[in-house]
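Read the structure below first, then the notes.
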Amino acid sequence: MDEVSKTGYREWESELATIAPELLEELGEKREPEKGLPPLAGAEGGVTMRFAPNPNGPPTLGSARGIIVNSEYVRRYNGRFILRFDDTDPKTKPPLPDAYTWYLEDCRWLGAEPDEVIIASDRLEIYYDHARELIEKGGGYVCSCSQSEFKEYRDKGEPCPHREESTGENLDRWREMLGGAVEAGRAVLRVKTDMGHRNPAIRDWVAFRIVDTPHPRPEIGDRYRVWPLLDFESAVEDHLLKITHIIRGKDLIDSENRQRYIYRYFNWEYPRTLHWGRVKIHEFGRLSTSEIGAAIRRGRYTGWDDPRLPTIRSLRRRGIQREALRRFFIGLGVNETDIELSMENIYGENRKIVDRTARRYFFTPNPVRVRIKDAPPTVAKPLLHPPETRRGHRTIPVKNEVMISREDAEKLKNNELLRLKDLYNIRITKINKVIEAEYTKGEIDIIREKKCRIIHWAPPDGIRVEVLTVKGRESGIGEPGIAESIGRVVQFERYGFVRIDSMKDGIVTAYFAHR
RNA sequence: GCUCCGAUAGUGUAGCGGCCAAUCAUUUCGGCCUUUCGAGCCGAAGACUCGGGUUCAAAUCCCGAUCGGAGCACCA
C-alpha cells in the first residue's frame, strides 16, 4: 500500500488493473445525470404528500412551487396528493372564505388535481380527542401562566408550576377550557417536551389556545373557541393522512423538532422531511399575503388578479402557461438555500411555449398619425403566424393614413426611407404633430439593401386597445382582427406577448405577459 | 444574545473523494436566417466565498473565519 501511495493516479490505475480489473470497470462507468427533480428517498413503500396552505388569500408564485413540486413527486411515484387547509387561526391570519375555492381552482389549473381535500377547521373534534389522549399519556398540561411569565420560565429553562399537576387535574382543566369557562388568554394546553432543551423554541410549546374571534367560514363561525396551533394540528393530520414525505419551507425546521414530541408520545412514525429556502423575486420583492390583501382594500390594486401581483390568477390572466411554471419550479428543485430570481426565467419558459401558437397582430401604443401622399388604397395581408405560413393571414384595409407608435415616431428623421411592415415603403417628408410621408415604389429588397427600418403600424380606424402591464396601463390602436382573439395569448409584433382579456364598448383590454 | 441551516458563472441549477481545466437553463455579446426588437440555428463570455487540515487525489470530507438565512409567538 505504501508503494501505491507514492505514485500518481495513472500508475495507481494500471496497478489496479492487474490486481482487481473488475473494480476498474466500475471506475469507468459514467454517472447518469438526473433530469428534473432528484429521486425521493424512501419512496419505495408508496408516496403520500400534501400541500397545506392557510387560505388567507389566493395561491401565489410561492404556493405554486409547493403545489407543483409535491404533486410532481406524487405523479412520479404514483402516489396520493392531498390539499389540506391549515385554517386554525381565526384571529391573526383569518382565512378568506373565497380562497378555499381559489386554491382548488389553481391546483387544477396547475395540473395538480388533489386526490383528497381536508379542511382543518372541520376536524376540531379529532384534535380535541388527541389532546385528551395526550394529557392522559402525561404529555400535555394546561398552563395558565401569562405569556411573559412563561417566557421567563422558558428562558431560564425551568418548569412552571402547572407542569407538575396531576393528569386528573389537567383533564379537568382541559374540560373547563373546552367548556367555555375560561377567558381567552387565560389558559393554554402545552406539550411537555424538555424545559432544558438547548433550543428554547422547543421548550413546552403551546398546542391549543382560546380564541374568541369567530372563524370566517360561516359553517364554523363561533362553534369553537379552543383552537390548535399549526404544530399540533399538522402533527396529528400528517399522521392520520398517512403522509410519507413533507416538503416545506425551512422556516418550519424547528416545527419538526416540536412535532416529534407528539409522535413520540403517540408512538407514531414521523414522515420524511425536505426543506426549501425562501424565494425572492426581483420584480415583486417580498410581499406577504396579508400585506397584499390590505393593499387591495386600500385600492392600491384592482384585485387579487391585478397584473402587478405575483398571484397565480394574475399570471394566468396574463397568459403565463401552466407548463412554464411547472418546468420552472421542477428545474429549481428542492434546496435549502434562499434564492433570489427574476421573472425573466419564467418568461423565458413561457415564451418558448407561447411563441409556437400565438397569432401575430399589430398594436401601436401612444399612436401618432402618418399621412401618406400618393398612397394607393390597398389591403395588407400579414401572416397570422410567420413560422407556419399555412395558418393564413390577416387582412387590413389601408387608405392613405396609418398610425405608428410614438416610440417609433420619435426616432424618425426627415427624408428617411422605411418600410411599413407587410405594406409598402414610405419616405418621411415632414415631422410634425401629424407626420407626413410619401409613398415610394419598391419592395423589401431595397429596405434590406439600405438597411432601413421596418416598423409596424395600425389603421386609424382600427380597434382601441388598453394593455395592462406590471408597470401600469398603455393605450393605443390595434388592427381590427385583435377582436377575434379574445381569451388567447397573442404577440403584438415588436411589442410583446399579451393575453387578450376582454372587449367592452369597443375597447379591448389586454394583459401584458412579457416581451 | 441563544439554537439551527446554507454558500458552484449576473441569476438559478447539476455534481457530494479520482470521470470536473465543473452540467444544464437563463442572461449578455457576436454571426446566420427571418418583411417583428419574437422564434430558430451557430459561436463566445462567465463560477466551486476565504484560510487551514485529512488524502497519492478535495467543489466534494474535517476545523475555523466571512457572508447570507431561519427559528427563539397563545401566526402559518
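By convention in this document, chain letters (A, B, ...) are assigned in the order of the sequence lines, proteins followed by strands, and residues within each chain are numbered from 1.
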Side chain of A/Ala201 only, please: which of B/A76, B/A39, B/C72 is the nearest?
B/C72

Taking only Watson-Crick and G-U wobble pairs with both distances under 3.5 Å, what dot-bracket line describes RNA chain B, where [ ] shows pairs that cross earlier ones and | shows pairs with another strand?
(((((((..(((.....[.....)))((((((.......))))))...(((((..]....))))))))))))....

Per A/Asn345 side chain, nearest of listed nucleotides B/U26, B/U36, B/C75
B/U26

Short side-chain N/O contact from A/Gln147 to OP1 or OP2 of B/C74, under 4.0 Å
yes

Of the candidate nucleotides B/U11, B/C74, B/U36, which contains the atom at the shortest distance from the side chain of A/Gln491?
B/U36

Testing B/G38, B/A73, B/A70 for proximity to the side chain of A/Pro387, the answer is B/G38

In the 5'-to-3' direction, what one-character label does each nucleotide of nucleotides 40-45 of chain B receive under the scheme B = base within less than 4.0 Å of a protein heavy atom, S = sugar-phosphate only, - = no such atom?
------

With sugar-phosphate meaning primed atoms plus P, OP1 and OP2, does A/Ser234 contact a base, only sugar-phosphate, or nothing at under 4.0 Å between heavy atoms?
nothing

Base, sugar-phosphate or nothing for A/Cys452? Non-hydrogen atoms, less than 4.0 Å.
nothing

Walk me through it: do A/Arg76 and A/Glu72 pass the test salt bridge (Lys or Arg N to Asp or Glu O under 4.0 Å)?
CA-CA 6 Å; A/Arg76 186 187 297 189; A/Glu72 180 64 21; 5.3 Å; no

What is the nucleic acid contact for A/Leu229, judged by heavy atoms within less than 4.0 Å: base, sugar-phosphate only, or nothing?
sugar-phosphate

If only side-chain N and O atoms of A/Thr88 are considered, is one of them under 4.0 Å from the OP1 or OP2 phosphate oxygen of B/A76?
yes

Distances under 3.5 Å between protein N/O atoms and the N/O atoms of nucleotides 3-8 of chain B, please, pair by pair.
from, atom 1, to, atom 2, distance (Å)
B/U3, O2', A/Asn199, ND2, 3.4
B/C4, OP1, A/Arg198, NH1, 2.6
B/C4, OP1, A/Arg198, NH2, 2.7
B/C5, O2', A/Glu336, OE1, 2.3
B/G6, O2', A/Thr337, OG1, 3.3

Any carboxylate oxygen within less than 4.0 angstrom of a Lys/Arg side-chain nitrogen, looking at A/Glu233 and A/Arg84?
yes

Within residues 178-189 of chain A, those residues having any heavy atom closer than 4.0 Å to RNA chain B are A/Gly185, A/Val188

Of B/U13, B/C75, B/U27, the nucleotide closest to the side chain of A/Arg351 is B/U27

Can you find a side chain N or O atom of A/Arg209 that sits less than 4.0 Å from OP1 or OP2 on B/C75?
yes

Closest to the side chain of A/Asp422, out of B/U35, B/C75, B/G38, is B/U35

Students often get this wrong, so: under 4.0 angstrom with heavy atoms, is A/Asn54 touching a base, only sugar-phosphate, or nothing?
sugar-phosphate

Please list every donor-acceptor pair under 3.5 Å in which a side-chain atom of residues 246-253 of chain A meets a protein atom from a residue at least two apart or in another chain.
from, atom 1, to, atom 2, distance (Å)
A/Arg248, NH2, A/Tyr270, OH, 2.9
A/Lys250, NZ, A/Glu336, O, 3.2
A/Lys250, NZ, A/Asp338, OD2, 3.3

Please pick, from B/C75, B/U36, B/U35, the nucleotide with the shortest atom-to-atom distance to any side-chain atom of A/Ile444.
B/U35

Could you check which of B/A70, B/C72, B/A73 has an atom nearest any side-chain atom of A/Asp251?
B/A70

Can you name the residues that form a side-chain hydrogen bond (donor to acceptor under 3.5 Å, both in side chains) with A/Asn335, not counting sequence neighbours?
A/Thr337

Considering just the side-chain nitrogens and oxygens of A/Arg356, establish if one lies under 4.0 Å of OP1 or OP2 belonging to B/G38.
no

Do A/Ser144 and A/His162 have a side chain donor and acceptor closer than 3.5 Å?
yes

Under 4.0 Å between any heavy atoms, over every strand shown, what does A/Phe328 touch: base, sugar-phosphate, or nothing? Just pick one.
nothing

Using a 4.0 Å heavy-atom cut-off across all strands, classify A/Leu341 as base, sugar-phosphate, or nothing.
sugar-phosphate

